[in-house]
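If you're wondering where the values come from, they're calculated on a predicted model, not measured in any experiment. We're numbering straight along the sequence, starting at 1.
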Amino acid sequence: MEKLIISEQDIINALCVYTSRKKQVKPEEVEVELMYDDDYGFSAETYVDGRKQILITQNIIEALRLWMDEYMHIDPYIGIKLELDDEMGIIAVTQ
């Protein structure tokens, strides 16, 4: 399989679906902010009903696997790596 680049918007969409299932709300009710820190790496803040939850890299990968399986219909267990791109922002690259 060739290398696939998952956009920042698709990562956000994946996190909305992932969080909505955990919190039993609609994906539209979830707000997401992706972050990168030199010391801590990638993370995301999700907001549901005014409550904040911080997700770590592994949670983001888990959300992407769900998204890839259900929305992209591709093998969710291929390698996924998060990257910070100067032009595209935070992206995921499959290997």
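Distance OG1/T94 to NZ/K81: 12.5 Å, rounded to 0.5 Å. Expressed to the nearest 0.5 Å, how far CE of M88 lies from CD of E83 amounts to 8.5 Å. Distance check: S43 OG to I56 CD1 gives 9.5 Å after rounding to the nearest 0.5 Å.
Closest of all the heavy-atom pairs between I78 and Q95 is CB-O, 4.2 Å. Nearest heavy atoms, K26 versus S20: C-CB, 3.7 Å. Shown here for C16 and P27, the closest heavy-atom pair between the two residues is CB-O, 3.8 Å.
Applying the side-chain contact (heavy atoms from CB on, under 4.5 Å) criterion to D86, with sequence neighbours excluded, gives no partner residue. Shown here are the side chain to side chain donor-acceptor pair (under 3.5 Å) partners of E33, two or more places apart in sequence or in another chain: there are none.
V93 and L66 fall into different hydrophobic clusters, where Ile, Leu, Val, Met, Phe, Trp and Tyr residues are linked whenever their side-chain heavy atoms come under 4.5 Å apart, directly or through other members. I5 and I61 fall into different hydrophobic clusters, defined by Ile, Leu, Val, Met, Phe, Trp and Tyr side-chain heavy atoms under 4.5 Å apart, directly or through other members. Put simply, I12 and Y47 are part of two different groups of oily side chains (I, L, V, M, F, W, Y) that touch within less than 4.5 Å, one to the next. Clustering ILVMFWY residues whenever any of their side-chain heavy atoms sit less than 4.5 angstrom apart, transitively, puts M35 in a cluster other than the one holding I80.
Two residues are said to be in side-chain contact when any heavy atoms from C-beta on lie closer than 4.5 Å; K52 and T46 fail this criterion. Side-chain contact between L55 and T19 is present, with heavy atoms from C-beta onward closer than 4.5 Å. Between V30 and L15, every side-chain heavy-atom pair lies at or beyond the 4.5 Å cut-off. Residues E45 and Q53 form no side-chain contact, since every pair of their non-hydrogen atoms from C-beta on lies 4.5 Å or further apart. Side-chain contact between E8 and L34: present, with at least one pair of heavy atoms (C-beta onward) separated by less than 4.5 Å. Looking at heavy atoms from C-beta onward, I11 lies out of side-chain contact with N13 at the 4.5 angstrom threshold.
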Problem - Chi angles and distances behind the side-chain contact (heavy atoms from CB on, under 4.5 Å) call for L82, I91 - result: CA-CA 6 Å; L82 296 175; I91 59 171; over 6 Å; no
Handout entry: I6 vs M68, side-chain contact (heavy atoms from CB on, under 4.5 Å): CA-CA, chis, key distance, verdict
Key = CA-CA 10 Å; I6 301 171; M68 291 167 63; 4.0 Å; yes
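Side chain of T57 to main chain of F42: a donor-acceptor pair is present (N/O by atom type, distance under 3.5 Å, no hydrogens or angles).
In this structure, D37 places its CG atom where more than 12 heavy-atom neighbours from other residues, nucleotides or ligands lie under 6.0 Å away.
Sorted by first and then second residue, the side chain to side chain donor-acceptor pair (under 3.5 Å) pairs involving residues 61-73 (not counting sequence neighbours) are Y18-E62, R21-E70.
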